[in-house]
Amino acid sequence: MTLAAVPLEVFTELARTRPLPEATAALRAALHARRMLLVKSLLVRFEQRRALLAPEVGRRFEQDWALLERAERSDPAAVRDVVDYPMIGAWLTETLAAPEGPAFERHLAYLGGVAVAAAVRAGCQVGGTLTQPSGSLVLPGLGVLHCPSGSARLSGRGGLLRITDGAGGSEVILPRPTARGEPGTRRPVGSERGWSALRTLPGSTVVLDDLDPYRVPRRGIGPAALPAADRPHSDHRPWARRWHEAHTLLSATDPGRAAETSAVLRAVVPLVSPVGGAGIPMSATLRSSPGAVLTQLPADASELAESLVHESHHTKLAALHEFVPLYRPGGGTLHRVAWRLDPRPVPAVLQGAYAHLALTDLWWRARTGPVTPDAWRRKATQQFETYREQVGEALSILLESDELTFAGREFVQEMSRHHASLGVATRNPG
Amino acid sequence: MGEQRNRAADPGRDTGRTVALPDLTDVDLRTLRAMDDPGLIAAVDQVLKSSREFGQVWYVGGEGGQRTFPVTGALEGEEGQG
């Protein structure tokens, strides 16, 4: 997509960080196009290396791909939803970067779970056996079946898919979701054994993903190399409570922002929280899996609301940049910004400025909104001026940069206009 | 959606090389596998050459961290360029 293909209203509202359903739809389309490019890249790499793969690996890949295609013929929208799940982006990225040999072959095996998840979502007839040397069958966005025998038997028709460990030690029967937009089957039919289901967060289709092996990079997040939190250390109840409270807060402050957050995000990934840890929770977005917020459990709803807005804007900007390049690669100039000690390249300055502009906008509305809670309003009043000043400094850097594309300059100029409008007492920022 | 252009290695150009990437938004998986459009193959080549670039992480906060730092502090930005 070129800049000319993006309606002016969409481009402008994206630059202003403001929620707009048309913009969310455009970003989702862009993310899907990008995801399809990565899938094609995997297919090309598979074909290029096919002769070097173990024969059973090649056969298995073809079997999984055939199921994926068949599921798509049954329900294209459902399979598109599976393919676009954030962690599949991380899987594709890791697989494409994997060295030749066993590592590449191990990553390819994840496609089996992708295909089975697609079959569940599409409700298509399926049978046969899947080898699972890892001992677990991961269905992205749905859950994980423990397969101690190293294989899983599949049988399904009429919208029900039974998956059984090869030795019968575990089993689950998954129904096809009944409504479009419902992310998956959280409630298996009958009693399940060895099945761990992902759970949705209240009032949304966003899942708390504490299972997928690709949800956090192996090196962890940040200087402390924070790993993913696994069950039982990722108790759903406090996350569900915080999510509900955070959305109540966002809805009271800016209903459009609350709706956008639920539309842009597909998953929240819990990170390990050290006992007695201080400071704000670590949160992150992976370029490879936009739509997933990685975060420690925040202390309260306001911290989670802040993280959701901050991280969802990394996703929005990353998606936009994938199809309308905002900066040129290879620029080496480094700049100081208020939110980091070490100097940052222009792409990082832009990402930081964008996420912080969204928070500046949020604080503006929180401190002036008629129905926001007192504590939230007080926090907003404290934060607004600091954020506004620091984002202004970063925008000045960007406006003087020669590393932005034409579209990037237009984007930053609109960000600056919106920034200037915030804090003008007599004007509603819109 | 219109066309998508591959980003350039040439820093002097805005939108990159001139081979257009076909719109993949509404392409089905079977068709995708069979496609050999030059623009798509060029884009795939670029992805395969730069796949590590997509390991970037934007993060904020952590032990003792805060989102903005009037004088000193840390932890907002990206890591893992490769």
Side-chain angles (χ1 to χ4, degrees), chain A residues 1-2 4-5 29 32-33 36-41 43-45 68-69 72 76 79 93 96-97 217 219 221-224 226 274 277-288 306 310 314 323 325 328-331 338-341 344 347-348 351-352 356 359 386-387 390 405-407, chain B residues 1-16 20-21 23-30 32-33 35 40-41 43-48 50-82:
Chain A
M1 183 184 273
T2 63
H32 179 68
M36 292 294 273
L37 175 60
L38 294 181
V39 171
K40 178 66 178 179
S41 301
L43 290 166
V44 168
R45 189 176 181 201
L68 191 60
E69 278 191 8
E72 189 189 41
V79 175
T93 300
L96 292 171
R219 65 177 181 278
I221 299 296
L226 280 181
I280 67 167
M282 172 75 81
S283 65
T285 299
L286 309 182
R287 182 177 173 185
S288 62
E306 202 173 346
H310 185 108
H314 285 317
F323 69 104
R328 289 183 289 270
W339 42 81
R340 187 150 172 149
L341 277 181
R344 311 300 298 145
Q351 276 285 355
H356 284 87
L359 287 175
T386 302
Y387 276 58
Q390 295 181 343
T405 62
F406 176 80
Chain B
M1 295 229 313
E3 67 184 22
Q4 182 176 352
R5 289 185 184 276
N6 305 317
R7 272 176 283 160
D10 176 0
R13 302 182 63 171
D14 259 10
T15 56
L21 172 63
D23 183 9
L24 300 177
T25 309
D26 295 316
V27 172
D28 64 78
L29 292 167
R30 184 176 177 81
L32 180 74
R33 187 162 191 180
M35 285 175 78
L40 176 57
I41 297 306
V44 165
D45 189 46
Q46 189 69 25
V47 168
L48 293 176
S50 59
S51 54
R52 291 187 180 280
E53 175 190 333
F54 302 105
Q56 290 170 322
V57 182
W58 299 289
Y59 63 85
V60 64
E63 189 75 18
Q66 55 188 62
R67 289 181 196 277
T68 59
F69 303 96
V71 182
T72 60
L75 310 185
E76 161 64 33
E78 67 180 60
E79 64 174 11
Q81 293 279 355

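Sequence lines set the chain letters: A, B, ... in the order given, protein chains first and strands last, and positions in each chain run from 1.
Separating the NE2 atom in A/His32 from the CG atom in B/Asp26 is a distance of 7.0 Å, to the nearest 0.5 Å.
A donor-acceptor pair is defined here as one N or O able to donate and one able to accept, closer than 3.5 Å; such a pair exists between the side chain of A/Glu72 and the backbone of B/Leu29.
Legend: residues meeting side chain to side chain donor-acceptor pair (under 3.5 Å) with B/Asp28, ordered by chain and number and at least two apart, are B/Thr31.
Between A/His310 and A/His356, the ring planes are perpendicular. Angles over 60° get that label, and only those under 30° would be called parallel.
With a 4.5 Å cut-off on non-hydrogen atoms, B/Leu48 touches chain A through its side chain but not through its backbone. Within the 4.5 angstrom heavy-atom criterion, atoms from both the backbone and the side chain of A/Leu96 approach chain B. Of the atoms belonging to A/Leu38, it is side-chain heavy atoms, and not backbone ones, that fall under 4.5 Å from chain B.
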